[in-house]
Each structure stands twice: as structure tokens, then as C-alpha cells.
Amino acid sequence: MKQLSTKVTSNGHGQDSSYFLGWEEYEKNPYDEIKNPNGMIQMGLAENQLCFDLIESWLAKNPDAASLKRNGQSIFKELALFQDYHGMPEFKKAMAEFMEEIRGNRVTFNPKKIVLAAGSTSANETLMFCLAEPGDAFLLPTPYYPGFDRDLKWRTGAEIVPIHCSSSNGFQITESALQQAYQQAHKLGLKVKGVLVTNPSNPLGTALTRRELNLLVDFITSKNIHLISDEIYSGTMFGFEQFISVMDVLKDKKLENTDVSKRVHVVYSLSKDLGLPGFRVGAIYSNDDMIVSAATKMSSFGLVSSQTQYLLSALLSDKKFTSQYLEENQKRLKSRQKRLVSGLESAGITCLRSNAGLFCWVDMRHLLDTNTFEAELDLWKKIVYNVKLNISPGSSCHCTEPGWFRVCFANMSEDTLDLALKRLKTFVESTDCGRMISRSSHERLKSLRKKTVSNWVFRVSWSDRVPDER
Amino acid sequence: MSLDKNMLSKLAVGDKHGEDSPYFEGWKAYDNNPFHPEHNPQGVIQMGLAENQLCSDLIKEWIKANPQASICTAEGIDGFSDIAVFQDYHGLKQFRQAIAAFMERARGGRVRFEEERVVMSGGATGANETLMFCLADRGDAFLVPTPYYAAFDRDLSWRTGVRIIPVECNSSNNFQVTRQALESAYLDAQETGIKIKGLILANPSNPLGTSLDRETLRTLMDFINDKQIHLVCDEIYAATVFAEPGFVSVAEMIQEMDHVNRDLIHIVYSLSKDMGLPGFRVGVVYSYNDAVVTCARRMSSFGLVSSQTQSFLAAMLSDQSFVDNFLKEVSKRVAKRHLMFTEGLKEMGVSCLRSNAGLFVLMDLRQMLKDQTFESEMALWRIIIDKVKINISPGSSFHCSEPGWFRVCFANMDEDTLQIALQRMKSFVLRDRENKNCNNKKRKSFQENLKLSFSSMTYDEHVRTPRLMSPHSPLVRT
């Protein structure tokens with residue numbers, strides 16, 4: 001084994017976590033409505049399967065794009081040979097415009113500042129290679145997407161220092177939490193190169209508020225560090241609020257074309273909004289020329305397949321399609337989220353009030369034997385093995401409070417979701433705690449609904465983008 | 001406008017990506033003035049790009065006859081949603097099976113490849129880097145015989161921090177790597193405290209265009225086995241072999257050499273050259289070491305093959321009769337081009353390294369150098385680009401130890417363009433000879449006396465054909 005690198009022998013890939021038990025169990029016994037109705041239901045996968053019909057019908061109406069043709073002529077050879085790491089200009093233009101549309105056309109994206117990558121997995125890693133030396137640190141608010149441990153740290157040697165967020169204020173980022181994290185990094189002898197946030201958040205399912213965004217921009221300005229905003233879920237915003245991007249805040253603060261704007265970078269992908277994780281389409285957007293240049297060269301290690309670029313440039317250039325799609329996507333996500341929330345309610349379970357994402361952050365603290373992560377894991381095992389639902393424990397997202405779980409709702413049919421909720425309700429009611437809770441919570445929930453600010457929290461399990469460990 | 005360099009990593013601001021080398025002037029010259037038979041007949045002909053454009057007709061035909069292979073057509077759309085969500089880093093089973101089968105057939109069915117060991121990567125570019133991350137730590141080194149593919153500097157070293165220790169080969173034995181050269185390089189490295197983790201080479205070789213014979217392979221494998229270091233064989237040009245000794249893969253040698261520790265053997269493959277599909281980014285890491293397979297598979301998350309592409313290729317490469325015919329044709333067509341080009345060069349008295357594979361030849365222009373230095377090589381090269389208007393690659397960009405060798409690609413253009421290139425070379429070579437004869441006693445530099453009949457053409461953007469997508473990244477598998 002000493003013949004191999006430390007990357008092989010260590011577990012920096014992060015995939016030894018007990019979380020994978022759930023995945024493995026799912027793989028062994030996957031639910032199928034007809035063939036395996038008692039199998040495990042996958043609720044640990046943040047996929048968007050709600051809108052394929054829209055894309056399929058677009059394909060049916062657009063045979064040229066579907067069959068690698070332009071004006072009826074095959075461009076197969078051209079695509080087969082196209083490996084320019086600058087990417088297809090028409091594709092980057094279409095991506096830029098799509099990103100603008102998601103942000104209500106309030107901000108502009110220059111296609112020349114887009115660097116394509118093999119998914120946001122690759123985009124995030126590439127940004128780390130460009131911004132941090134081995135041993136440098138990035139601050140990340142907890143809970144965060146577990147794949148970051150691999151994407152940001154594994155091969156780059158960078159470190160993550162958590163910004164602790166708590167349920168007391170709905171896991172929002174506070175100034176004191178930021179300062180504490182910064183100081184903690186210094187205590188550990190780590191040089192802080194920046195802050196990375198996911199907005200909307202995975203696993204919380206909430207978009208950052210304007211207050212938080214302002215706080216972040218002020219913070220990185222004063223510390224002279226970078227801000228990476230992974231906006232992979234920007235098109236899944238279904239709440240009444242509009243999605244506010246960090247780009248909106250730069251504009252509102254009149255910081256465009258300043259040094260600060262060069263330290264703010266956006267990561268995007270089509271894996272969640274369009275539900276196309278298999279196509280490996282990620283992007284880095286940066287206002288700094290050197291970063292764009294370096295990241296472009298690095299993209300050689302993970303370019304987007306030219307046939308995929310071509311197909312998607314046609315799809316995204318169809319503005320009628322994109323506006324219909326975004327609207328319909330939001331509608332369907334909202335309806336699904338409501339279904340999950342009300343189903344959980346009837347089982348006496350609350351969630352963090354969410355307005356985005358493909359999952360809810362579910363509060364099962366009341367179902368824990370003790371307020372510990374051991375108890376959380378125990379509960380999780382019961383849910384995986386007995387209830388046969390694969391959900392993600394908060395500890396795998398580095399949540400500081402036990403009892404939260406991430407539960408996904410957009411990767412299955414409505415019927416499957418209903419079945420999952422039924423199983424969960426049965427389970428909750430079968431526990432002593434559950435029986436007590438469900439009676440009193442019914443009353444509690446009734447009164448909670450009357451409050452203007454709800455602080456329901458759903459716990460969500462992670463691993464939306466981490467491929468199966470099979 | 002950019003940030004202060006201190007705000008970025010050394011990787012981002014440094015030049016270890018290797019793309020600032022003067023080599024790229026040739027690319028710029030091409031990009032600024034690309035040849036086109038109708039629109040720009042005086043433009044620069046691209047012969048610095050090792051692309052295989054010889055067999056796309058076969059693939060196009062197959063695509064037409066198999067609309068169900070695409071998830072986007074009416075015939076294939078039922079598979080769209082399943083494929084679109086598929087991001088499992090194991091890759092589609094049918095894709096892995098098809099790739100394993102294709103690799104077997106490209107080796108005449110003489111070896112078996114297990115589909116569970118097929119790991120995806122972002123082209124061979126991604127595969128090579130991934131293997132370095134798996135086999136070596138920062139500061140460790142790999143031996144690489146020269147001349148070698150220019151982008152290895154980036155792929156093997158840039159982000160990994162792994163060092164390249166060149167193993168010099170020279171023309172006295174047709175650049176074959178010898179045990180002595182390996183031992184000497186290994187010893188030197190040891191003495192300076194550098195830890196050698198393995199040996200990496202391309203077989204068939206880029207830029208030599210030669211495939212290793214059994215004896216040499218045996219020597220290499222004995223060497224790495226004795227030292228218990230890794231062997232990485234980049235077999236990206238496997239199917240382009242068209243003459244003796246045929247293609248002998250390290251996979252075949254393993255079967256014969258029981259005593260070699262299989263945990264040390266790793267193969268890199270790709271469809272970019274054999275199939276002419278560089279745009280589809282299909283790279284493969286095939287390792288006989290289970291721990292490496294597992295680790296490389298996890299790392300493949302950083303460069304998975306688009307599921308749309310996996311699905312399409314799974315269908316195409318499962319079609320045995322298509323594959324067999326395709327492999328036969330690749331070899332045949334490459335051979336034909338190779339012959340056309342080398343005969344053409346021979347006629348004008350220019351020789352090449354004898355080769356049996358690849359999409360290029362290594363042209364010997366040592367006699368045309370003012371003196372046997374790399375400065376002269378660069379000077380000659382600049383004339384060939386600026387006056388002869390052909391972009392070829394100087395040996396120094398491949399770390400060749402002897403000046404005067406140039407890699408010239410012949411499979412990325414049609415026959416007519418190749419003939420034009422030969423014509424231009426011929427005029428140039430004959431003039432040069434004339435000039436030499438005229439100046440027997442006193443040698444003048446080419447630049448002073450060389451006058452060519454081509455009129456200089458100012459580049460006009462609008463002349464570029466809209467369909468011509470010239471790859472701006474010179475280091476992408478050239």
C-alpha cells in the first residue's frame with residue numbers, strides 16, 4: 001500500500017461515512033411499485049425528476065438538436081472533433097442567458113467569464129485549486145453538502161472550517177458565527193482564503209436572505225478574501241420570495257467592477273434545475289481574468305461532452321421553453337414540497353420552513369432517545385432498516401445539533417412519496433414518543449400555523465450529488 | 001483587469017500548465033490564418049493537431065442507421081429520463097462492457113478486459129492526472145522516456161505536484177528506450193533524493209509513431225518489477241497501428257509474465273484518437289490494482305463521461321460487426337495516409353523516423369538546420385510556419401534531446417490538403433537545397449536568402465468558414 005499515494009490510503013474522499021449504509025441498503029433492496037413494493041424508498045437523493053416530460057416534448061419538436069444536425073445537415077464530425085476548452089460559444093451564451101433569466105434578468109452574465117466544468121463537483125474543486133494552497137482554509141456554514149469534504153479538500157489539500165449555524169434562528173448565518181469561524185481558523189494556524197456558501201442551501205432548502213448576503217459581502221470585503229456562491233439550486237426557488245443572488249447584492253451595493261467583485265465567484269450546474277446530473281454540466285463564473293484563465297486550462301481535466309453542449313445550447317436558447325420550464329418547475333416543486341410538509345405534519349413532524357431545493361430539513365429531535373449524535377444514528381438506522389426509507393442524518397452534513405434529517409421529495413412519483421409518508425407515520429405512532437407527540441403536536445401544529453413566522457425545521461439527509469458507493 | 005496575484009493560488013498564477021511555451025506561436029499563426037481550400041487557400045495548414053478525421057463517415061453511417069442509440073430521437077427518447085439522471089460514477093454497465101469489448105478487439109481479441117475495472121475519466125487528460133493522484137504524492141516522480149507528448153507536463157505534474165524525470169532516448173537506435181537509460185535515470189534521481197514512483201509512457205508513442213515490440217515491453221516490465229514501481233501505459237493510439245510488429249499491449253504481456261506484480265500495472269485509454277471523438281471526452285483508467293480502481297473511480301466524479309455520450313457509445317460499441325469493420329478501416333486508412341505522406345516526403349529527400357502507428361510522423365530535418373542546436377530548430381520552425389505556412393511541432397516541445405526533429409500530423413485533413421502541404425514542403429526543401437548549393441563556402445541563414453513564391457495573405461476574419469471550429473487549446477491532446 002505504501003506504493004500508492006496517501007489519497008488512496010486515507011479517507012479524504014469522505015465516502016466511508018456510515019451514511020453509505022443507507023445507500024447500500026437501498027441498492028440491495030430498491031423500492032419498485034410493482035416488483036418490490038416493500039423495498040426501500042430512496043429519499044436521500046436530491047434529484048429533480050419532476051419535469052422530464054417538458055424536456056422530452058421539446059426534443060420531439062426539435063429534431064435537429066436531437067439528432068446533431070444544424071439546418072438539416074449533420075454536424076456530427078464538427079462535434080466529434082470539438083474539444084476547445086473555451087467551450088462552445090453558443091452554449092456559454094445560452095448558459096449566461098439562462099442564469100440571467102433565473103435571476104429575473106436583474107443582473108447580467110458575460111459568457112466570456114464562464115468556464116465550463118464536468119458538473120459543479122469539478123467546478124468547486126477547480127476553484128479551490130485556483131484560490132487556495134494546500135493547508136489554506138475556506139469557511140463554510142453548517143450544515144453543508146457532505147460532498148464538499150471531497151470536492152473542496154481531497155485532492156487540493158485545502159481545509160474547511162465550519163461557520164456554526166443553529167436552529168435557534170433557522171440556521172441563518174450571523175456575524176458572530178462568521179467571526180468565530182475566522183478566529184477558529186487562525187487558532188488552527190490556517191490561512192483563510194474565503195467563504196463558500198450554497199445558495200439556496202443544501203441541506204436546508206432555504207435561500208439566503210438579503211441580510212445574510214450583505215453580511216457575507218461585507219465580511220469578505222473587510223477580510224480581503226473570496227466568496228464562492230454555489231447557486232446550483234437557484235432555479236428551484238418556489239417560495240413567494242425571489243431568488244437573490246450574490247450578484248444582485250454586488251449590483252445593489254454598487255460593487256460591480258471593483259476589487260470586491262473580482263473576489264466573488266458563482267458556481268452553477270444544470271444537474272438540479274434541469275434535472276440532468278448525468279450530463280455533467282457545471283460552470284464557474286468569475287469576474288477575475290486570471291481565475292477565468294487558470295480555470296479554463298484546468299477544465300481540460302473535465303470538459304463537457306460536445307454533443308451535450310450542442311443539445312443544451314439549442315434547448316436553453318429557446319426562450320419560450322426556458323421561461324415555461326422555469327415556471328412549471330417551480331410550480332411542481334412547490335406542490336411536492338407542500339405534500340411532504342403536510343404529510344410530515346400529520347405524523348407530528350415539523351420542518352424548517354423552506355422556499356427552495358429538492359428536499360426539506362426535517363426536525364426529528366423529539367424522536368431521539370437522547371440529545372446526542374449516537375441517538376441520531378440509532379434513529380436513522382431504524383428509519384433505514386425498519387421503516388425502509390433512506391434519508392440523510394444531519395451529522396453527515398456537519399450539523400452541530402443532533403436530530404435533523406434531510407428528506408428529498410423530487411426524485412420519486414407522488415404515489416411513492418405518499419407511501420413513504422405513510423410508513424413514516426406508522427413508525428412514529430408506533431413509538432411511545434411518537435404517540436405522545438402526535439397527539440400534542442396536532443394541537444401545537446394548529447396553533448403554530450397561526451403564527452406569522454414559523455420555525456419549523458426539516459432535517460434532510462445529504463448525498464444528493466455524491467454518486468452511490470456501490 | 002485582475003486581482004493581486006497573492007489572492008490566488010500558485011497554481012493559478014504560475015506557468016506550470018506549460019501553455020506559455022513558444023510552441024503555441026504555431027497555433028496562433030494557424031488560428032489567425034487558417035487554411036481553407038476555397039476561402040483561404042494561402043492560409044496556414046494545420047499539421048500540429050493529432051486528430052483522426054479519417055473514419056467519421058463510418059460513424060455517421062452507423063448513427064443514421066441507429067436512431068435509437070440517441071436518447072433524444074423519437075426512437076430513443078424512452079431512455080431519456082433514466083439516462084439524464086444517471087450520474088453513478090461506476091458508469092453505465094453497458095457502457096463499461098462495450099468499452100472493455102472495444103479495447104479487447106483493438107488488441108485482436110488476445111486479451112480480456114474486465115468491465116468492473118473500467119473507470120471513466122475526462123479524456124486521457126483526466127485519466128493520466130487521476131493516476132498520478134493515485135500513485136504518487138507531491139514531490140514524488142515518474143520516469144518518462146523522451147520525446148514525449150507535450151501536455152504530459154500539465155497532465156502529470158501541474159495540479160498533482162508530481163515531478164517528471166525524463167529518460168533520454170536518441171535517434172541512434174530510433175529513440176527506443178533502453179534498460180541502461182532507465183537505470184541511469186533512476187539512479188540519478190535516487191542520488192538526489194527524489195522518490196521515483198513509476199514509469200509512464202505512451203504506446204504507441206506520441207510523437208514517435210512507433211509501437212513497442214515484445215522485447216522492449218519485457219525489458220520495461222522487468223525494470224519496474226525489479227524496482228517495484230508502477231508502470232502506466234497510455235495506449236490511446238492502440239488502433240492506429242498498421243504495420244509490424246503490430247500492437248502489443250501491456251495487457252498481453254502480463255499474461256506471459258507471471259512474475260510481474262500486477263498491482264503495478266495500469267492502462268490509460270481513450271476514444272479520442274482511435275475513434276476520432278475527442279469532443280466526447282471519453283477517457284478510461286484501467287488498473288490491475290484494486291485499490292487504484294476504487295480510488296480512481298471516486299476521483300472520476302471530477303470528470304465523468306456525459307451519460308448521453310455513454311449511452312450512445314454503449315450502443316455503438318456493442319455492435320460487434322461495426323467495431324470489427326471500423327478497426328479494420330482505421331488501420332487501413334491510417335496506413336494509406338502514412339504511405340502517401342512519407343512517400344511524398346521521400347520524393348523530396350526528406351526522411352522520417354520509421355513508424356507503424358499514430359496519426360503523425362517524426363520528420364528528420366536535421367540537415368536543414370543551420371547548426372545542431374535548438375535555437376536553429378526554432379528558427380527553422382518559425383520559417384516553416386511563417387513562410388511555408390504549415391503548422392508542425394518542433395521536437396523540443398516534446399523534450400526531444402536532439403534538435404532537428406519535427407512531428408507532422410497527417411490524419412486531420414483531406415487528401416487534397418495533404419497534397420498541398422507536400423507541395424509547399426517540396427518547394428521549401430528544394431529552395432533550401434538550391435541555396436545551400438549556391439553558398440557552398442559561406443553559409444547564410446535561411447531567413448536572408450529564402451524567398452518563396454507564396455504571397456503573404458492578410459488574415460480576414462470573415463474569410464473563415466463558419467463551420468470551422470479551430471480548437472484554441474493547443475495542449476488538448478495535440
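Residue numbering restarts at 1 for every chain, and letters A, B, ... go by the order of the sequence lines.
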(request) Let me know if B:Ile229 has heavy atoms under 4.5 Å from chain A in its side chain, its backbone, both or neither. (result) neither

(request) Pick whichever of A:Ala294, A:Ala80, A:Gly302, A:Ala66 has the most heavy-atom pairs under 4.5 Å with chain B. (result) A:Ala80

(message) So for A:Asn411, is it side chain, backbone, both, or neither that comes closer than 4.5 Å to the heavy atoms of chain B?
(response) neither

(message) Does any part of the side chain of B:Ser301, heavy atoms only, come nearer than 4.5 Å to the side chain of A:Arg150, both counted from C-beta?
(response) yes

(message) Can you classify the ring geometry of B:Phe80 versus A:Phe279 as parallel (below 30°), tilted (30 to 60°) or perpendicular (above 60°)?
(response) perpendicular

(message) In the structure I gave you, are the side-chain heavy atoms of B:Leu8 and A:His226 within less than 4.5 Å of one another anywhere?
(response) yes

(request) Report yes if the side chains of A:Leu4 and B:His230 come closer than 4.5 Å at any heavy-atom pair, otherwise no. (result) yes

(message) Please classify the contact of A:Leu274 with chain B as side chain, backbone, both or neither, using a heavy-atom distance under 4.5 Å.
(response) neither

(message) Tell me which of these, A:Lys193, A:Arg155, A:Glu56, A:Met128, has more heavy-atom pairs under 4.5 Å with chain B than the rest.
(response) A:Arg155

(message) Between B:Thr309 and A:Ser305, is there a side-chain donor-acceptor contact under 3.5 Å, judged purely by atom types and distance?
(response) yes

(message) Need one label for B:Ala74: side chain, backbone, both or neither, based on atoms under 4.5 Å from any heavy atom in chain A.
(response) neither

(message) Is any side-chain heavy atom of B:Phe302 closer than 4.5 Å to one of A:Arg280?
(response) no

(message) Given heavy-atom pairs under 4.5 angstrom as the criterion, report whether the side chain, backbone, both or neither of B:Asp82 touches chain A.
(response) neither

(request) Side chain from CB out, backbone as N, CA, C, O: work out which of these in A:Pro89 comes under 4.5 Å of a heavy atom of chain B, or both, or neither. (result) neither

(request) Using non-hydrogen atoms and a 4.5 Å limit, figure out which bit of B:Lys5 sits close to chain A: side chain, backbone, both or neither. (result) both

(message) Give me the atom names and distance for the closest heavy-atom approach of B:Val85 to A:Gly275.
(response) CG1-O, 4.1 Å

(message) Can you tell me which portion of B:Leu92 sits under 4.5 Å from chain A's heavy atoms? Options are side chain, backbone, both or neither.
(response) neither

(message) Report which part of A:Pro63 has an atom under 4.5 Å of a heavy atom belonging to chain B: side chain, backbone, both, or neither.
(response) neither

(request) Kindly indicate whether the side chain of A:Leu81, heavy atoms from C-beta on, has any atom under 4.5 Å from the side chain of B:Asn412. (result) no

(request) Verify whether one side chain among B:Ser9 and A:Glu133 offers a donor that lies under 3.5 Å from an acceptor in the other. (result) no

(message) To the closest 0.5 Å, what do you measure between NZ (A:Lys77) and CD (B:Gln53)?
(response) 4.5 Å

(request) Hey, could you give me the CE/NE2 distance between B:Met299 and A:His13, rounded to the nearest 0.5 Å? (result) 9.0 Å

(message) Report which part of A:Gln309 has an atom under 4.5 Å of a heavy atom belonging to chain B: side chain, backbone, both, or neither.
(response) neither

